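Note that the coordinates shown come from a computational prediction; the quantities given were computed from them, not determined experimentally. Order of the sequence lines sets the chain letters (A, B, ...), proteins ahead of strands, with each chain counted from 1.
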Amino acid sequence: MSRYSAAEIEAKWQKAWDEAGLFRAIRKNDKPKYYVLEMFPYPSGRIHMGHVRNYTMGDVIARYKISTGHNVLHPMGWDAFGMPAENAAMASGGHPKDWTYGNIDDMRAQMKPLGLSIDWSREFATCDPEYYGQQQALFLDMLEQGLVYRKNAVVNWDPVEMTVLANEQVENGRGWRSGALVERRELTQWFFRISDFAEELLDALDELDDWPAKVKLMQANWIGRSRGLQFAFSLVEGLEGHDRIEVYTTRPDTLMGASFIGISPDHPLARQMEKDNAELAAFNAECRRMGTSEEELEKAEKKGFDTGLRVRHPFDTSWELPVYVANFILMDYGTGAIFGCPAHDQRDLDFARKYDLPVMSTYAPANPGDDFTLPEDGGDAYVPPKPEKVRYIKGFAGDELQTGEQGIDSAIAFCEENGVGQGVTKFRLRDWGLSRQRYWGCPIPVVHCESCGVVPEKKENLPIQLPYDEGGQPIDFSIPGNPLDRHPTWRDCACPACGAPARRETDTMDTFVDSSWYFARFTAPRAQTPTDLEEAGYWMNVDQYIGGIEHAILHLLYSRFFARAMHLTGHLPQKAIEPFNALFTQGMVTHEIYQTRDPKDRPVYHLPEDVADGKLKATGEAVEIIPSAKMSKSKKNVVDPVSIIGAYGADTARWFVLSDSPPERDVEWTAAGAEAAFKHLARVHRLVTGIAVSDEPANDHDTALLREMHKTIHDVTGGVESFGFNAAIAKLYAFTNTLAKSQAGAQARQQAACALAQLMSPMTPHLAEELWAALGQQGLVGQAPWPVADDSMLVDDTVTLPIQINGKRRAEISVPRDMDKSEVEKQALAADAVIKALDGAQPRKVIVVPGRIVNVVI
RNA sequence: GCCCAAGUGGCGGAAUGGUAGACGCAGGGGAUUCAAAAUCCCCCGGUAGCAAUACCGUGUGGGUUCGAAUCCCACCUUGGGCACCA
């Protein structure tokens, strides 16, 4: 028996795995392949507990799959482009490239001690020219296939930073960093045609059986399919080039309640009219100036401008409706024009009341209650709850009772039959704008030529590399704007088509592009093409993908789109168009927050390591404890994995992040919990190394111990396969207790200890190897086949059956497992409590569930 | 506003129609020790009772069932996603 020294054990076994090449993934056909992937990290420079949790889960799966005879691919890389590197360069000089690669080295050094089963030979960073050069090749192929295009788009422009801001970077209409008033600018940008795939991306969700329902639902909502009617109102008096206004509606059954037409300020008709209507031009300009932030939209008043135009109602040509330009109508959804039905839409009702337009209900509740008032009589707009039946007042098919949905379907049918428009399906999903006016990203490989226009770069000129310096001088990132734009020479090039002097595109790609295909690149990370079809064909798909729920929509949707695009451009096989067979979204690691107040009563936060027993270690001042939240630097509620590994070892950190909560939920890191995890591992070490040298002879306790062993094998295996890591660990605790108390002979205890070591090996691989060796086993536990439970050992010969009387447990009997039902019933009725309860009467019914329970109904 | 999920001891949670609270943390008691650390043992949902035991108990109210934390309906609370989307 020896003391548990994690540092020693972990270094020793990591070296042994390395030397055995245990995690090198090599294509071979004698085993089924298994590709497990955790979402790759951004190289911030420090690993955090969230990484530890994420990679530990992946590691458990990878190691378990190795043990069950799979050929496992478990790679790691770096999502290395992005703003933080430029921000760091801006804040403290230096170069984004140096900063990023330095961070990668630091983080790799922090990750390696975790003992993850990663094939490090496949490592890459998305900022490696070898990677982004292939991404540029991919872009060119997509361009050729028509999957990428250029168009004008309105963006948030920060005039101080001279860059485009994402919506999330605009706060109260001002740039989040500069504080400058954000302008809406129209720029020519590159877009991926993801919206062409809307229907397919939506329908294919149904096939993703091993994805969380929640993620599929979020994607479905994001894609946003709606069924409606598209039709036109004809203008009473046409305008040059315009004689009708196309509208789209999901509520065609309200058409007979229409009272106005609304068009977007960006609608072609509005644009044309503002040319010779200064008032309208001013109104439109005002609308365009309005920000797009949620807060602004919330507050903004619904405003309209009467254009003076009139249209005819399609079902009654004598019925004329006014045309308003309205500030709440979006040009890029539907047709950019609506008809307003105030009776059944609160916003339209508010608008109608403001501009004194008629209100006409087309339907009302089938059974209006006392408190129901028609909107035309001053009530609210009536929108029926989904399944509710309504009575049509001005519908197309008389005053029928129908649910809203039936009403819509029959309205579409009626309109189609009468030549008024057609039923159409629309999607909320927009094309994906990928242009970013930033330096630290993948350059878009196109050239602008005065005579040829936009020309794709030649593939042999790839990669188009980012310049490291400018004119021999280091790039100054403190100057606002994109360094590529002001670089003295980088932009200059020859037109790939005509050879004349031309300029490079200076925009770089959205970093989401980088992460949309890295999983495919891992299958052949050094290939001279984006992928190697043979390798991709073997390793794809990712069998298990693990990451945070925050990527439920964008990253996962973009990746699904990219896999399709890569198939269409010949870079992935058909079977890989849904790249992730199974997805698991893990919860965060949280911690309590410790706070004191400064003299001005402002909160001051303290690191957990500076607090003990609710007091600051340094001064003894009491801290206020704020409930657990996601670990964040600003709240200082962070625990550094490196210091935990230093204090307790990687196995303890791994054991703890798996043990306390179900993996999809948040887990609270506590010092006591970590301490307890360590103590448990030390106890297992003590127990097993003690067993290794014991010599008690076989005895009557052997079978009971071995039964428990087989039950534990069964339960832990099930737990690992179903992501029930916390429950699996609970079983291992229980089995450890059983083993510690067992008086079985040395051989049985040895066998049980071997099983314990194997079952723990995915979670605490170093300790497991140490135990395996101490028990005299040959080879590595990581290479030993996973133990298989003997079904005949899972059930005891004698079972204790609870006896219920009217569903309440009143007694129990001990009977042979396979005892006849009628005999069980006889014994149950003979139980004292049952005899007493029956008091001589006959039971009304006796339910016997063999091996589980008996219920006597009186 | 629309859509979705979750509510179980002091805490994290287990049980997915069959003995509610496994396992862990915190807490209490004890053994060992000169003492401490470490370790080991016992108790630990509530109410009543010396106890055996009884009754209550999985957010609230109803329902289905021999039997419900689990299935159904309504409500409450919390969390998440989307949102001038026509």
Report task. Using whole Å, report how far CZ of A:Phe735 lies from P of B:A22. Result -> 20 Å
Requested in this report: Could you walk me through whether A:Lys731 and A:Asp715 pass the salt bridge (charged side-chain N to carboxylate O under 4.0 Å, His left out) test, one step at a time?
Outcome: CA-CA 7 Å; A:Lys731 300 284 181 198; A:Asp715 291 349; 3.6 Å; yes
Query raised in the report: Of A:Pro662 and A:Gly807, whose nearest nucleotide on RNA chain B comes first from the 5' end?
Result: A:Pro662
Query raised in the report: Do A:Leu658 and A:Thr56 have side chains that get closer than 4.5 Å, going by heavy atoms?
Result: yes
Query raised in the report: Are any of A:Arg844's side-chain N or O atoms less than 4.0 Å away from OP1 or OP2 of B:G67?
Result: no
Query raised in the report: Given the P atoms of B:U8 and B:A15, what is the spacing between them in whole Å?
Result: 15 Å
Query raised in the report: Who does B:A38 pair with, Watson-Crick or G-U, both distances under 3.5 Å?
Result: none
Report task. Indicate, with a heavy-atom threshold strictly under 4.0 Å, whether A:Lys741 touches base, sugar-phosphate, or nothing. Result -> sugar-phosphate
Query - Under-3.5 Å donor-acceptor pair between A:Lys426 side chain and B:C85 base - result: no
Query raised in the report: Heavy-atom contacts under 4.0 Å between residues 215-226 of chain A and RNA chain B, which residues?
Result: A:Leu217, A:Met218, A:Asn221, A:Trp222
Report task. Among B:A86, B:U19, B:G80, find the nucleotide with the atom closest to the side chain of A:Ile853. Result -> B:U19
Report summary line: Taking a pair to mean Watson-Crick or G-U wobble geometry with both distances below 3.5 Å, B:A15 pairs with none
Requested in this report: For A:Tyr333 and A:Ser264, test the side chains for any donor-to-acceptor distance below 3.5 angstrom and give the result as yes or no.
Outcome: no
Query raised in the report: Does NZ in A:Lys354 sit with more than 12 non-hydrogen atoms of other residues, nucleotides or ligands closer than 6.0 Å?
Result: yes
Query raised in the report: Below 4.0 angstrom from OP1 or OP2 of B:G18, is there any side-chain N or O of A:Asn855?
Result: no
**Report entry** Interatomic distance, A:Met588 CE vs B:G12 P [rounded to whole Å]
**Finding:** 15 Å
Query - Rounded distance in Å between the P positions of B:G27 and B:C11 - result: 15 Å
Query raised in the report: RNA chain B: A:Ala730 or A:Val857, which has the more 5' nearest nucleotide?
Result: A:Ala730
Query raised in the report: For atom C1', what is the distance between B:U16 and B:A69, given to the nearest Å?
Result: 9 Å
Query raised in the report: Contact class for A:Glu668 vs. all strands (heavy atom < 4.0 Å): base, sugar-phosphate, or nothing?
Result: nothing
Query raised in the report: Since syn is defined as within 90° of 0, does B:G9 count as syn or as anti?
Result: syn
Requested in this report: State, yes or no, whether a side-chain contact exists between A:Gln219 and A:Leu556 at a heavy-atom distance under 4.5 Å.
Outcome: yes
Requested in this report: For B:A86, take OP1 and OP2 only and decide whether either is under 4.0 Å from a side-chain N or O of A:Tyr248.
Outcome: no
**Report entry** Rounded distance in Å between the C1' positions of B:U60 and B:A14
**Finding:** 24 Å
Query raised in the report: Tell me, do A:Tyr4 and A:Leu681 make a side-chain contact under 4.5 Å, heavy atoms counted?
Result: yes
Report task. Using the C1' atom as the reference point in each nucleotide, state the distance between B:A74 and B:G12 in Å, no decimals. Result -> 31 Å
Query - Length of the line joining A:Phe351:CZ and B:C84:P, which is rounded to integer Å - result: 18 Å
Report task. Would you indicate what A:Ile329 reaches in the nucleic acid, counting non-hydrogen atoms under 4.0 angstrom: base, sugar-phosphate, or nothing? Result -> base
Requested in this report: For A:Phe656 and A:Phe678, run ring-ring contact (aromatic ring centres under 6.0 Å, His included): C-alpha distance rounded to whole Å, both residues' side-chain angles, the deciding distance at 0.1 Å, then the answer.
Outcome: CA-CA 8 Å; A:Phe656 180 75; A:Phe678 176 76; over 10 Å; no
**Report entry** For B:C2, the Watson-Crick or wobble counterpart (both distances under 3.5 Å)
**Finding:** B:G81
Requested in this report: Classify the nucleic acid contact of A:Ser661 as base, sugar-phosphate or nothing, counting any heavy atom under 4.0 Å across all strands shown.
Outcome: sugar-phosphate
Query raised in the report: Which base, if any, makes a Watson-Crick or G-U wobble pair with B:A74, both distances under 3.5 Å?
Result: B:U60
**Report entry** d(CZ, A:Arg428; C1', B:C3) in whole Å
**Finding:** 12 Å
Report task. May I ask you to say what A:Asn726 touches in the nucleic acid, namely base, sugar-phosphate or nothing, with a heavy-atom cut-off under 4.0 Å? Result -> sugar-phosphate
Query raised in the report: Mind checking the P distance from B:G13 to B:G62? Whole angstroms is fine.
Result: 29 Å
Report task. Would you sort out whether A:Phe339 and A:Phe260 count as a ring-ring contact (aromatic ring centres under 6.0 Å, His included), showing the intermediate values? Result -> CA-CA 6 Å; A:Phe339 75 80; A:Phe260 66 95; 9.0 Å; no
Enumerate the protein-to-nucleotides 24-27 of chain B contacts in which both atoms are nitrogen or oxygen and the separation is below 3.5 Å.
{"unit_1": "B:G24", "atom_1": "OP1", "unit_2": "A:Asn737", "atom_2": "ND2", "d": "3.4"}

Query raised in the report: At under 4.0 Å, does any side-chain N or O of A:Arg665 touch on OP1 or OP2 of B:G13?
Result: yes
**Report entry** Watson-Crick or G-U counterpart of B:A86, or none if no pair lies under 3.5 Å
**Finding:** none
Query raised in the report: Looking at side-chain heavy atoms only, is the closest gap between A:Val359 and A:Cys341 below 4.5 Å?
Result: no
Report summary line: Shortest non-hydrogen pair, A:Tyr648 vs A:Ala674, comes out as CE1-CB, 4.2 Å
Query raised in the report: Distance between the C1' atoms of B:A37 and B:C44, in whole angstroms?
Result: 25 Å
Query raised in the report: B:A48 pairs with which nucleotide, Watson-Crick or G-U wobble, both distances below 3.5 Å?
Result: B:U53
Report summary line: To the nearest angstrom, the OH-C1' distance between A:Tyr4 and B:U39 comes to 18 Å
Query raised in the report: Between B:C85 and A:Arg347, is there an OP1 or OP2 to side-chain N/O distance shorter than 4.0 Å?
Result: yes
Query raised in the report: To the nearest angstrom, how far is A:Leu681 atom CG from B:U39 atom P?
Result: 13 Å
Query raised in the report: Between A:Tyr382 and A:His344, what is the ring plane arrangement, given parallel below 30°, perpendicular above 60°, and tilted in between?
Result: perpendicular
Report task. Kindly say if A:Lys845 contacts the phosphate of B:C66, meaning a side-chain N or O under 4.0 Å from OP1 or OP2. Result -> yes
Requested in this report: Could you measure between the two C1' atoms, the one in B:G24 and the one in B:G17, and give it in whole Å?
Outcome: 28 Å
Query raised in the report: Rounded to the Å, how far apart are A:Leu429 CG and B:G81 P?
Result: 19 Å
Query - Atom pair distance, as rounded to whole Å: CG in A:Asp348 and P in B:C85 - result: 10 Å
**Report entry** Cation-pi check, A:Lys426 onto A:Tyr248 ring (under 6.0 Å, within 45° of axis)
**Finding:** yes
Query raised in the report: Which nucleotide in the list B:U19, B:A86, B:C66 gets nearest to the side chain of A:Ile338?
Result: B:A86
**Report entry** CA sep, side-chain torsions, deciding dist, call: A:Val311, A:Val323, side-chain contact (heavy atoms from CB on, under 4.5 Å)
**Finding:** CA-CA 7 Å; A:Val311 296; A:Val323 179; 3.7 Å; yes
Query raised in the report: Which of the following nucleotides, B:G80, B:U19, B:G18, is nearest to the side chain of A:Arg809?
Result: B:U19
